[in-house]
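Quick notes on the structure that follows.
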There are 4 protein chains.
Amino acid sequence: MASVPERLIDAATRLFAAKGFDRVAVQEIVDLAGVTKGAMYHYFGSKDDLLHEIYGSLLRMQTERLVGIADGSAPVAERLRAAAVDVVVTSVDNFDQARVYFRSADQLAEDKRREVRAERRRYHERFRSLVEEGQEAGVFRADVPADLTVHYFFGTVHHLGQWYSADGPLSAEQVGGHFADLLLGSLRPA
Amino acid sequence: MASVPERLIDAATRLFAAKGFDRVAVQEIVDLAGVTKGAMYHYFGSKDDLLHEIYGSLLRMQTERLVGIADGSAPVAERLRAAAVDVVVTSVDNFDQARVYFRSADQLAEDKRREVRAERRRYHERFRSLVEEGQEAGVFRADVPADLTVHYFFGTVHHLGQWYSADGPLSAEQVGGHFADLLLGSLRPA
Amino acid sequence: MASVPERLIDAATRLFAAKGFDRVAVQEIVDLAGVTKGAMYHYFGSKDDLLHEIYGSLLRMQTERLVGIADGSAPVAERLRAAAVDVVVTSVDNFDQARVYFRSADQLAEDKRREVRAERRRYHERFRSLVEEGQEAGVFRADVPADLTVHYFFGTVHHLGQWYSADGPLSAEQVGGHFADLLLGSLRPA
Amino acid sequence: MASVPERLIDAATRLFAAKGFDRVAVQEIVDLAGVTKGAMYHYFGSKDDLLHEIYGSLLRMQTERLVGIADGSAPVAERLRAAAVDVVVTSVDNFDQARVYFRSADQLAEDKRREVRAERRRYHERFRSLVEEGQEAGVFRADVPADLTVHYFFGTVHHLGQWYSADGPLSAEQVGGHFADLLLGSLRPA
DNA sequence: AATGAATGAGAGTTCATTCAT
DNA sequence: CATGAATGAACTCTCATTCAT
């Protein structure tokens with residue numbers, strides 16, 4: 001059986017994903033994890049801590065993978081495509097974690113919020129610089145600001161949590177592929 | 001001075017947009033509106049009612065406009081572009097309402113949630129049928145499911161609430177234009 | 001159509017009987033009566049007033065009838081029997097009013113409560129004096145205090161509201177007859 | 001000093017008996033018990049729970065005792081008399097509990113109400129079968145339905161709460177004895 | 001390492017009553 | 001006569017967190 005902190009993180013992830021941070025009572029989390037409140041407060045300083053822990057790890061993992069992909073030597077279009085597919089696939093593979101992030105990122109207390117924002121900005125900027133690289137190389141259209149393009153695509157990814165279901169007809173790879181197609185398509189020079 | 005229900009809706013819209021439905025106390029709303037709780041419950045059955053009222057009106061308005069645009073006689077690409085610009089512009093023009101909708105749509109109690117979903121689906125489907133029309137006419141690529149394209153674009157629109165600011169460098173029309181460019185670009189046949 | 005005060009009394013009677021005084025909102029009463037709150041407060045000083053009005057009239061009526069019966073010239077056993085049947089029958093004939101009285105008599109504010117108690121005592125005492133008359137005449141057993149006998153029988157009557165139903169197998173007259181049989185039976189000298 | 005749940009039950013019993021369930025605020029209960037609201041909701045799910053707990057225990061106790069008495073081997077008239085005395089005596093010995101039961105039994109929410117009704121029916125039926133046993137044996141009059149006789153007697157018992165006082169001239173045993181005399185007397189064959 | 005009783009502040013909601021019109 | 005908007009106090013219940021054990 002998993003360790004107590006792991007069980008707590010798992011329980012919290014599932015509940016936050018399903019109902020949203022503010023709608024989940026600490027009591028529900030510890031019940032689902034099969035421990036008591038005292039145990040939770042032994043390992044985590046607060047309910048906020050739990051939230052922070054949850055998407056901190058996803059966010060760090062995705063950032064690492066993005067860097068690995070973006071720093072590669074393939075043509076920029078291929079790297080952008082791979083990055084786009086990857087963020088979709090890892091979000092779906094860790095769907096509960098991702099949904100928590102998509103819906104509850106703003107509910108952290110100030111200090112942790114800053115931390116998350118900084119990480120998120122790193123991700124955004126690395127992604128944007130890929131777009132810019134393509135624009136400078138002349139393979140992507142340059143009449144739409146790269147920043148806007150990144151917002152455009154990330155909105156799409158964040159929205160996954162609202163409609164995607166593992167039981168649906170499309171696998172994560174298929175959705176990622178289609179979304180990458182649309183992104184690359186929209187960047188073709190006119 | 002505006003009527004009491006209007007003042008309540010305004011206050012609730014501002015607060016829900018800023019902090020999220022669950023983080024706003026009824027007391028804050030009535031304080032900002034300058035009335036008492038009793039007055040609020042005279043006009044609205046619950047805090048939920050207030051929420052429902054807020055984005056119900058935006059959603060209905062956007063649906064109406066979409067239908068007006070989509071039923072026109074212009075070429076399908078032009079109609080889709082106009083619809084895309086319109087949803088961005090009306091979301092920004094009613095930004096607080098839109099942000100409430102983007103972040104709190106799921107927090108309604110069951111019965112009202114169904115109502116909102118039905119309306120949202122209507123919007124989604126009218127938009128999708130525009131994409132399909134273009135696919136059938138051969139002016140849009142058909143290798144990406146229309147449904148997915150619509151999710152793709154709406155994610156983008158929903159995400160506006162997370163980064164757009166009226167103080168930023170881009171007007172609603174500019175953002176709408178760029179987003180429409182990207183959407184139309186991504187739909188060009190390969 | 002009945003007058004406004006009458007409609008209010010009727011509505012209140014029905015609702016108080018069904019749910020108990022404290023569980024009925026003034027709003028429900030005026031809705032059922034088809035008037036507004038202002039109208040109610042025009043005719044009645046308070047919700048308490050309505051309650052008082054309701055069983056005041058039943059109580060007065062039953063007291064009058066008791067006096068009429070008890071002051072007759074028939075043998076005391078016949079008069080007691082008639083009185084016993086009468087209180088059952090009039091309670092069932094005005095069942096909602098009676099139920100309000102049975103369950104909500106104690107919920108009045110102090111001054112009206114005193115008034116009701118005084119009337120109730122009058123009833124109790126006239127009934128008791130009938131029992132005593134029979135005891136002195138030697139036709140009723142005297143080893144049980146008359147006072148206790150009256151409590152005994154009135155408990156029975158008050159309890160009607162908890163189980164009697166007009167849809168049941170027994171008419172008011174039948175129940176009254178049986179109860180009178182039991183009362184008279186219990187008073188037979190040993 | 002008694003445990004917190006016990007103190008809460010005691011406080012609630014006293015207050016419900018004196019003022020009726022709906023007229024007692026949770027705040028009053030916890031103040032009288034010397035604890036906070038949070039503590040109360042730690043032990044009891046709701047105000048209703050408290051009510052249920054209070055007369056649940058009395059009702060179960062009385063049912064057990066009734067069964068013990070009724071299943072004995074004494075002549076049926078003696079067993080009925082003992083049962084009648086017992087319900088009066090135990091009601092007076094636990095007078096606050098009994099008064100809560102007599103006046104507030106109907107104020108429970110649906111599910112608990114059903115439970116209480118079932119227990120009450122068990123009591124009623126065991127008592128009725130005693131009456132029927134005597135009727136079949138020919139020692140009790142059979143021209144009054146046994147069911148009605150039971151309602152008749154229980155009305156009497158329920159009414160105790162409205163007039164009996166420990167400071168009065170009669171002990172619980174005396175009242176029980178007189179009531180039993182009246183009941184047995186009324187059942188003598190004509 | 002872990003318990004779970006207890007806190008205390010605040011949540012949303014209800015409601016009898018008042019009063020300007 | 002009658003309206004219905006508005007009040008304000010009280011209501012039941014929730015919950016993250018603490019702390020003695």
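Residue numbering restarts at 1 for every chain, and letters A, B, ... go by the order of the sequence lines. Small disclaimer: the values here were computed from a predicted structure and weren't measured.
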For [X] and [N], give me the distance from atom [atom1] to atom [atom2], rounded to whole Å.
X       : N       : atom1 : atom2 : answer
R7(B)   : dA5(F)  : CZ    : P     : 14 Å
L50(C)  : dT17(E) : CG    : P     : 10 Å
D31(D)  : dT7(E)  : CG    : P     : 12 Å
K19(B)  : dA11(E) : NZ    : C1'   : 13 Å
L108(A) : dA16(F) : CG    : C1'   : 16 Å

Is there any protein nitrogen or oxygen under 3.5 Å from a nitrogen or oxygen in nucleotides 11-15 of chain F, and what are the pairs?
{"from": "dT12(F)", "atom 1": "OP1", "to": "V24(D)", "atom 2": "O", "distance (Å)": "3.3"}
{"from": "dT12(F)", "atom 1": "OP1", "to": "K47(D)", "atom 2": "NZ", "distance (Å)": "3.0"}
{"from": "dT12(F)", "atom 1": "OP2", "to": "V26(D)", "atom 2": "N", "distance (Å)": "3.0"}
{"from": "dC13(F)", "atom 1": "OP2", "to": "Y41(D)", "atom 2": "OH", "distance (Å)": "2.6"}
{"from": "dC13(F)", "atom 1": "OP2", "to": "K47(D)", "atom 2": "N", "distance (Å)": "3.0"}
{"from": "dC13(F)", "atom 1": "O5'", "to": "Y41(D)", "atom 2": "OH", "distance (Å)": "3.4"}
{"from": "dC13(F)", "atom 1": "N4", "to": "K37(D)", "atom 2": "NZ", "distance (Å)": "2.7"}

Involving DNA chain F, stems made of at least three consecutive Watson-Crick or G-U pairs, both distances under 3.5 Å: E:2-21 with F:2-21
Side chain of V4(A) - closest among dA2(E), dA2(F), dT7(E): dA2(E)
Sugar-phosphate only, base, or nothing, as touched by F44(B) at under 4.0 Å among non-hydrogen atoms: nothing
Carboxylate-amine/guanidinium proximity below 4.0 Å for R113(C) and E110(C): yes
Y43(C) and D49(C), any side-chain heavy atoms less than 4.5 Å apart: no
Phosphate OP1/OP2 of dA2(F) contacted by H42(C) side-chain N/O (<4.0 Å): no
Presence of Y43(B) side-chain N/O under 4.0 Å of dA6(F) phosphate oxygens OP1/OP2: yes
Pairing residues for T63(A) by the side-chain hydrogen bond (donor to acceptor under 3.5 Å, both in side chains) criterion, not counting sequence neighbours: E119(A)
Pair S91(C), Q62(C): side-chain N/O donor-acceptor within cut-off below 3.5 Å: yes
Between H158(A) and Q162(B), a side-chain donor and acceptor under 3.5 Å: no
